[in-house]
Amino acid sequence: MSRISLSETERAKLRKLAEVAAAHAYAPYSNFRVGAALLLENGSVVTGCNVENCSYRLTSCAEQGAIARAVAESGPGIRLRAVAVANLNRAASMPCGACRQTLSEFGSDDTLILYPGATGTHEETTLGALLPHAFRLEFLKP
Ligand code: THU
């Protein structure tokens with residue numbers, strides 16, 4: 001359970017914005033069109049979609065695109081309240097492992113993650129549940 005309070009109307013709005021963003025996906029290789037909508041602590045919402053590349057490993061996920069855009073728009077101090085992920089393929093989709101780490105850079109254990117379940121259900125969890133023991137670069141600098 002996330003301690004972040006977000007009304008059902010706000011949740012629905014964020015999900016819808018993720019879906020709208022998914023329509024912009026560039027996914028000619030997988031045909032899996034993903035959108036992400038970030039709700040920042042400053043109240044703004046930033047979206048992204050996946051952008052694939054014929055050199056497959058250069059593909060950028062929707063969440064990564066949204067994070068890059070959010071930092072570009074609002075600066076390095078952004079913090080994530082909630083993240084919604086959607087796809088246009090009527091499939092379940094949660095942030096992949098790499099995206100969990102990317103989100104954890106700007107989120108907390110309580111960051112709310114909204115994602116579609118396999119049968120079109122609205123599911124939610126937290127970033128802490130998706131990525132326990134996230135990598136942190138904490139060491140004593142010489
Ligand atoms: N994808 C995302 O955009 N986000 C994820 O968290 C998982 C995967 C994209 C990458 C690729 O374009 C397509 O989905 C299929 O893997």
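Ligands are counted one by one from 1 in listed order, and the atoms in each one are counted from 1 as well. Starting from 1, each residue takes its place in the sequence as its number. Side chains included, hydrogens not; waters and symmetry mates left out as well; all remaining heavy atoms used.
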For the side chain of Arg33 and the backbone of Ala27, is there at least one donor-acceptor N/O pair under 3.5 Å apart? no
Do Lys16 and Glu19 sit within salt-bridge range, that is, some charged N less than 4.0 Å from a carboxylate O? yes
Residues forming a side-chain hydrogen bond (donor to acceptor under 3.5 Å, both in side chains) with Ser104, sequence neighbours excluded: none
In terms of side-chain heavy atoms, does Ser44 have a donor or acceptor partner in Asn42 at a distance below 3.5 Å? yes
Is it the case that the side chains of Arg69 and Thr47 hold a donor-acceptor pair, with the cut-off being a distance below 3.5 Å and no angle test? yes
The residue among Glu63, Arg15, Glu123 that forms side-chain contact (heavy atoms from CB on, under 4.5 Å) with Val85 is Glu63
Under 4.0 Å from ligand 1 - residues by heavy atom, chain and number: Ser30, Phe32, Val34, Asn50, Glu52, Thr59, Cys61, Ala62, Glu63, Met94, Pro95, Cys96, Cys99
